[in-house]
Amino acid sequence: MDKHSKNLKKLILVCLAALLINILPVFSQPTAIDLTGIIDFHAHTGPDSRPRGFNDFETVRLAEKAGLRGIVLKNHFTMTADRAALAMTLVDNLEVFGGVALNRAVGGINPEAVRQLVRFDGHRGKVVWLPTFDSEFYVTRAGSGEPFVSVIENGAPVPGLIEVFSIIAENNLVLAMGHSSPEEALQLIPLAKEQGGNHILVTHVFGQDATMEQMQQMADKGAIMELDWMAVYTNVVSLDDYVSAISAIGAAHFLISSDFGQAENPDQATGMAAFILALMEAGINQAQIDTMARQNPAMLLELD
Ligand SMILES: [Zn+2]
């Protein structure tokens, strides 16, 4: 299929998903795509310093209306445990979680930022992302010359990182690899496990340029790998590559998320529905979808 028809197909999928989850229920039709029990682990919301399509409140209302079970609010620059707690007061049937990304705005690899994430009222802080847009791998690959936050220096974890891993483990948080390189992730996963952490997520593993062999190693080391819809939606990754990885390594080692929230994109529930439709059309079965969109995210967030 050429690029133009692939884009057209994705547009049709998103329209179909929006129709199925937003319009048909108004006429009391059974929805063809069932989003109950689904958790979106990667939702960007406003207010933010980047343009966002929906704020925290709009996002959780849309997610609840679509039947989602849970959503993780992610911001690259500020903690979201507090925002998740506020947003959760607006909904009755949705679990809203937040976290902190250890970029420069919170002091980089800063154990105190993680301690405060845990202590905040409502206790919705569940995910700690290693540096994302400020990661050494991301900044170096982009060649922007911006300052960055390293996770490994001279072959060893940077000061504070093992303490961060230990706070994560003590509080049963999720350690997400952010925009670390696959090599860094492979070195850090066992170190996080040594501290007692067992909820480890490799953030959009394809976006980090991991090879199939590295993904197999991440799976063997006990990490869950994230596959996001945004990368496919914006033609950065092909859906076929996701399908090959799921088939070769096993759905048990992946979770699927939207990574939506950009001002130009639809809401997260629409993204999740389009993603699921696309995967099923490509041959991924219902049990594999359940594992990646329901069970693995719930296991990481200790919802079951
Ligand atoms: Zn993102």
Side-chain angles (χ1 to χ4, degrees), residues 10 14 38-56 58-60 62-63 68 70-81 83-84 87 96-106 117 125-135 137-139 141-142 144 146 148-149 151 174-182 185 200-210 223-237 239 242 254-272 274-275 292-293 296-297 300-301:
K10 271 182 278 186
V14 165
I38 300 273
I39 296 166
D40 185 3
F41 225 91
H42 197 145
H44 292 287
T45 53
D48 198 349
S49 52
R50 304 183 142 224
R52 298 302 180 194
F54 305 92
N55 66 29
D56 297 335
E58 292 162 338
T59 300
V60 299
L62 285 166
L68 259 67
I71 194 161
V72 178
L73 305 181
K74 177 178 183 187
N75 188 285
H76 291 284
F77 311 108
T78 191
M79 183 179 84
T80 51
R83 297 164 59 149
V96 186
F97 297 99
V100 67
L102 300 179
N103 286 313
R104 287 183 296 143
V106 299
L117 171 81
K126 266 292 195 182
V127 184
V128 177
W129 290 273
L130 294 182
T132 58
F133 287 124
D134 291 342
S135 80
F137 178 66
Y138 183 85
V139 170
R141 188 177 59 176
S144 63
E146 295 284 319
F148 54 74
V149 179
V151 286
V174 179
L175 169 65
M177 288 293 155
H179 297 177
S180 305
S181 71
I200 301 174
L201 178 66
V202 181
T203 307
H204 41 52
V205 66
F206 274 83
Q208 302 317 112
D209 304 335
I224 301 287
M225 292 169 281
E226 178 186 40
L227 304 175
D228 69 308
W229 174 238
M230 219 261 291
V232 172
Y233 188 69
T234 55
N235 294 314
V236 176
V237 176
L239 188 77
Y242 281 180
F254 292 96
L255 71 72
I256 60 172
S257 68
S258 75
D259 197 359
F260 264 9
Q262 303 73 23
E264 66 279 12
N265 288 339
D267 68 284
Q268 286 83 4
T270 303
M272 289 302 286
F275 196 2
M292 298 188 291
N296 282 346
L300 289 176
L301 294 165

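We count ligands from 1, going down the list as the structure has it; atoms in each ligand are counted the same way. We count residues from 1, following the sequence as given.
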Applying side-chain contact (heavy atoms from CB on, under 4.5 Å) between Met230 and each of His42, Gln262, His204, report the one that passes.
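Of His42, Gln262, His204, side-chain contact (heavy atoms from CB on, under 4.5 Å) with Met230 is met by Gln262 alone.
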
Residues which pass salt bridge (charged side-chain N to carboxylate O under 4.0 Å, His left out) with Asp228, listed by chain and number, not counting sequence neighbours
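So Asp228 forms no salt bridge (charged side-chain N to carboxylate O under 4.0 Å, His left out) with any residue.
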
Can you sort out the partners of Tyr138 under ring-ring contact (aromatic ring centres under 6.0 Å, His included), two or more places apart, ordered by chain and number?
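Listed in chain order: Phe133, His179.
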
What's the count of protein N, O or S atoms under 2.8 Å from the Zn ion (ligand 1)?
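Counting protein N, O and S atoms closer than 2.8 Å to the Zn ion (ligand 1) gives 3.
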
If you measure from NZ on Lys74 to CG on Asp259, what distance do you get to the nearest 0.5 Å?
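Output value for this atom pair is 6.5 Å.
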
Please list, chain by chain and in numerical order, all residues satisfying side chain to side chain contact (heavy atoms under 4.5 Å, CB included) with Ala87, sequence neighbours excluded.
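Ala87 satisfies side chain to side chain contact (heavy atoms under 4.5 Å, CB included) with Asp56, Phe57, Val60, Val96 only.
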
With the threshold set at 4.0 Å, does a side-chain nitrogen-carboxylate oxygen contact exist between Arg141 and Asp209?
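Answer for the salt bridge query: yes.
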
